Amino acid sequence: MPELEPIIHAPNRLRIYAMLTTNAELDFRLLREQLDVSDSVLSKQLKALEDANYIEAKKRSYNARPRTWVSLTDLS
């Protein structure tokens, strides 16, 4: 039986990954609300996924405010 990948199978990271499989990209605020976690918890989870090359995060302006958008990488 294959072992679970600790980076992707942590509950919040798995939920992030699952949400991104059905969306081209999602913004930080929506992810935070859906997971019901704090900014710092979400940032830590996204950083772990980004370091493992599962996702990429980009900052863009939305209504003159910076927003972070997250998408899956081509390798994920």
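Small disclaimer: the values here were computed from a predicted structure and weren't measured.
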I'd like to know if the side chain of Thr73 reaches the main chain of Glu56, judged simply by a donor and an acceptor atom lying under 3.5 Å from each other, with no hydrogens or angles considered. no
Does the pair Glu25/Arg60 count as a salt bridge with the N-to-O cut at 4.0 Å? yes
With clusters defined by side-chain heavy atoms of hydrophobic residues (ILVMFWY) lying less than 4.5 Å apart, directly or transitively, does Tyr54 cluster with Trp69? no
Check the pair Asp27 / Val70 against side chain to side chain contact (heavy atoms under 4.5 Å, CB included), numbers first and verdict last. CA-CA 6 Å; Asp27 78 315; Val70 181; over 6 Å; no
Side chains of Arg15 and Leu35, heavy atoms from C-beta outward: is any pair under 4.5 Å? yes
Are Arg67 and Arg29 close enough, and set up right, to give a side chain to side chain contact (heavy atoms under 4.5 Å, CB included), and what steps lead you there? CA-CA 8 Å; Arg67 301 270 293 265; Arg29 191 172 85 193; 3.9 Å; yes
Side-chain contact, heavy-atom cut-off 4.5 Å: Leu42 with Phe28? yes
Atom NZ in Lys58, atom OG in Ser71: separation rounded to 0.5 Å? 6.0 Å
Can you list the residues that meet the side chain to side chain donor-acceptor pair (under 3.5 Å) rule with Asp51, with sequence neighbours excluded? Lys47
Enter the distance from Tyr17:OH to His9:NE2 here, rounded to the nearest 0.5 Å. 9.5 Å
Kindly check if the number of other-residue, nucleotide or ligand heavy atoms within 6.0 Å of CG (Asp36) is above 12? no
First locate atom CG of Leu31, then atom CG of Leu26, and finally report the distance between them rounded to the nearest 0.5 Å. 5.0 Å
Donor-acceptor pair, side chain of Ser61 and main chain of Ala64, under 3.5 angstrom: no
Within this structure, what is the OG1-CG distance for the pair Thr68 and Leu46, rounded to the nearest 0.5 Å? 8.5 Å
Within a strict 4.5 Å, meaning less than it, do heavy atoms of the Ile16 and Gln45 side chains meet? yes
Heavy atoms only: give me the nearest Ile7-Leu49 pair and the separation to one decimal. O-CD2, 4.2 Å
When rounded to the nearest 0.5 Å, the distance separating CD1 of Ile8 from CD1 of Ile55 is 9.0 Å
Looking at Met19, is its backbone amide N or carbonyl O close enough to the side chain of Asn23 to form a donor-acceptor pair, meaning the two atoms are under 3.5 Å apart? yes
CD-CZ distance between Glu5 and Arg13, expressed to the nearest 0.5 angstrom: 9.5 Å
